[in-house]
Protein chains: 2
Amino acid sequence: MTPLEMKRRKLRGGGNKITPQRIAILKAIDGIHSQFTPQELHRKLSAEHPEIGLVTVYRTLKLLAKSGLVCLMGNIGRSQSYARGPQQHHHHLICAGCDMVVDIPTCGLDELEKRLAHETGFTISRHHLEFTGLCRNCQAVSAGGLV
Amino acid sequence: MTPLEMKRRKLRGGGNKITPQRIAILKAIDGIHSQFTPQELHRKLSAEHPEIGLVTVYRTLKLLAKSGLVCLMGNIGRSQSYARGPQQHHHHLICAGCDMVVDIPTCGLDELEKRLAHETGFTISRHHLEFTGLCRNCQAVSAGGLV
DNA sequence: ATCCAGTTGAAAAGGATTTTCAACTACAGA
DNA sequence: TCTGTAGTTGAAAATCCTTTTCAACTGGAT
Ligand SMILES: [Zn+2]
Ligand SMILES: [Zn+2]
Ligand SMILES: [Zn+2]
Ligand SMILES: [Zn+2]
């Protein structure tokens, strides 16, 4: 089963319909390795699918995030951002130059989490960890003096 | 030197003026142990200082964050949020029930950061870690069935 | 082929934040 | 203390991002 088919199946399982818009959006997301805002995704889509409205992109991203088919990230400027990514617990390494997102599957925070819960009396239900830096490309660019 | 005085000094050092509005805002922040949005802070201020406008609260929070006198946090819903807190590197434990913020001074992520940098070729300049859960109070409330 | 709940796009509404601008004021220097 | 000025303020307007509304449309079950 192709990745796309798995995603279709997951959507259908949730009682959602498979529409041409949703397929186009899923495919587009697969080709993006950075984090992106709904507006950016819409801009990219509009070349091949000018008929897909911005509102649909907003709605579909929300649906995909709820279905675990896309990652809801923090904000870029004022805009919410998303990234292609696995639904299981993971973290992100983000390039401040090009917004590329690298998934980090390992998470060694369980012990710290337990200790904090013990020390503070909180019950801790989740955490969010995110590293920011420069990818190899962007390091080269800034070293090259294109300032 | 009182904490307030240290903050005044830091502001002046940056070439900023000490205005009654800024003092009122600094004092108000000192009394808030949760994260808060500019609007929430403005609401709290308006009891004693109805003359301070929302725009000034926005501007002042931005200034204080830049000066390291307040912590810029993530978003609560659509709003940016801030929290009283130290300027040096630290993390946060946030209660989802009451938005209380506990500062976590320890950070054991240096090694993971180094390893990631090595594995990915990134240079990593910072990270953001945030735990979410329920404080003792809010646990009691939800256990008490006040749903 | 039919039907209907879910989906769509455009426009409008809703909110948060920033910009604009004229009036004001903290404070350095005289 | 007085003055000049650069920084600050508040209200309104402008800007953005996001959601809601609603009538038309459609996927897919029967
Ligand atoms: Zn990069
Ligand atoms: Zn983790
Ligand atoms: Zn709480
Ligand atoms: Zn840290």
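Keep in mind it's a predicted model, so treat the numbers as computed, not measured. First the proteins, then the strands, lettered A, B, ... as listed; each starts at 1.
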Chemist: Closer to the 5' end of DNA chain D via nearest nucleotide, is it B:Val57 or B:Arg78?
Modeler: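 Per heavy-atom nearest nucleotide, the more 5' residue is B:Val57.
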
Chemist: Kindly compute the distance separating CG (A:Leu54) from CG (A:Leu41), expressed to the nearest 0.5 Å.
Modeler: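 With rounding to 0.5 Å, CG (A:Leu54) is 9.5 Å from CG (A:Leu41).
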
Chemist: What's A:Pro50 touching, base or sugar-phosphate or nothing? Going by heavy atoms closer than 4.0 Å.
Modeler: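 Since no nucleic acid heavy atom lies under 4.0 Å of A:Pro50, the category is nothing.
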
Chemist: Under 4.0 Å between a side-chain N or O of B:Lys62 and OP1 or OP2 of C:dT17?
Modeler: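 Negative; the distance criterion is not met.
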
Chemist: Measure from NE2 on A:His42 to P on D:dC16 and round the result to the nearest Å.
Modeler: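 Atom-to-atom, A:His42 to D:dC16, this comes out as 17 Å.
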
Chemist: I need the B:Leu109 CG to A:Leu112 CG distance, nearest 0.5 Å.
Modeler: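 So the CG of B:Leu109 and the CG of A:Leu112 are separated by 7.5 Å.
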
Chemist: With nearest nucleotide decided by heavy atoms, which residue, B:Asn16 or B:Tyr58, maps closer to the 5′ end of DNA chain C?
Modeler: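 So the residue in question is B:Tyr58.
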
Chemist: Separation of B:Arg9 atom CZ from C:dA26 atom P, in whole Å?
Modeler: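 Between P of C:dA26 and CZ of B:Arg9: 20 Å.
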
Chemist: When rounded to the nearest 0.5 angstrom, what is the spacing between CG in B:Leu11 and CE in B:Met6?
Modeler: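 The distance works out to 12.0 Å.
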
Chemist: Can you check the B:Ile76 CD1 to C:dA16 C1' distance for me, whole Å?
Modeler: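 To the nearest whole Å, that distance equals 13 Å.
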
Chemist: Looking just at side-chain N and O atoms, do A:His127 and A:His89 make a donor-acceptor pair shorter than 3.5 Å?
Modeler: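 Yes, A:His89 and A:His127 have a side-chain donor paired with an acceptor closer than 3.5 Å.
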
Chemist: Hey, is the side chain of A:Arg22 poking within less than 4.0 Å of OP1 or OP2 on C:dT7, counting only N and O atoms?
Modeler: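 So the side chain of A:Arg22 is within the cut-off, an N or O lying under 4.0 Å from OP1 or OP2 of C:dT7.
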
Chemist: Name the residue closer to the 5' end of DNA chain C, choosing between A:Leu54 and B:Ile18 according to the nucleotide with the nearest heavy atom.
Modeler: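 In this pair, the answer is A:Leu54.
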
Chemist: Tell me the interatomic distance from B:Leu26, atom CG, to D:dT8, atom P, rounded to whole angstroms.
Modeler: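 Taking atom P of D:dT8 as the reference, CG of B:Leu26 is at 13 Å.
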
Chemist: Want to settle it: does A:Gln39 or A:Arg59 sit nearer the 5' end of DNA chain D, counting the closest nucleotide to each?
Modeler: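 Per heavy-atom nearest nucleotide, the more 5' residue is A:Gln39.
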
Chemist: In whole angstrom, what separates A:Leu63's CG from C:dT7's P?
Modeler: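 So the CG-P distance, A:Leu63 to C:dT7, works out to 7 Å.
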
Chemist: In whole Å, what is the span from the CG atom of B:Leu41 to the C1' atom of C:dT17?
Modeler: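 It works out to 15 Å between those atoms.
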
Chemist: Rounded to the nearest 0.5 Å, what separates atom CG in B:Leu129 from atom NE2 in A:His91?
Modeler: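 B:Leu129 CG to A:His91 NE2: 8.0 Å, rounded to 0.5 Å.
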
Chemist: Is any side-chain N or O of B:Thr19 closer than 4.0 Å to OP1 or OP2 of D:dG7?
Modeler: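 Indeed not, no polar side-chain atom of B:Thr19 lies that close.
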
Chemist: Rounded to the nearest angstrom, tell me the gap between atom CD in B:Glu51 and atom C1' in D:dA11.
Modeler: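 For the pair B:Glu51 CD and D:dA11 C1', the rounded distance is 15 Å.
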
Chemist: What is the distance, to the nearest angstrom, from the NZ atom on B:Lys66 to the C1' atom on D:dT8?
Modeler: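 It is 13 Å, rounded to the nearest whole Å.
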
Chemist: Go through C:dA26, D:dA11, C:dA5 for me and flag the one nearest to the B:Lys17 side chain.
Modeler: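 For B:Lys17, the side-chain atoms sit closest to C:dA26.
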
Chemist: Kindly say if A:Arg12 contacts the phosphate of D:dA29, meaning a side-chain N or O under 4.0 Å from OP1 or OP2.
Modeler: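 Looking at the OP1 and OP2 atoms of D:dA29, one of them is under 4.0 Å from a side-chain N or O of A:Arg12.
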
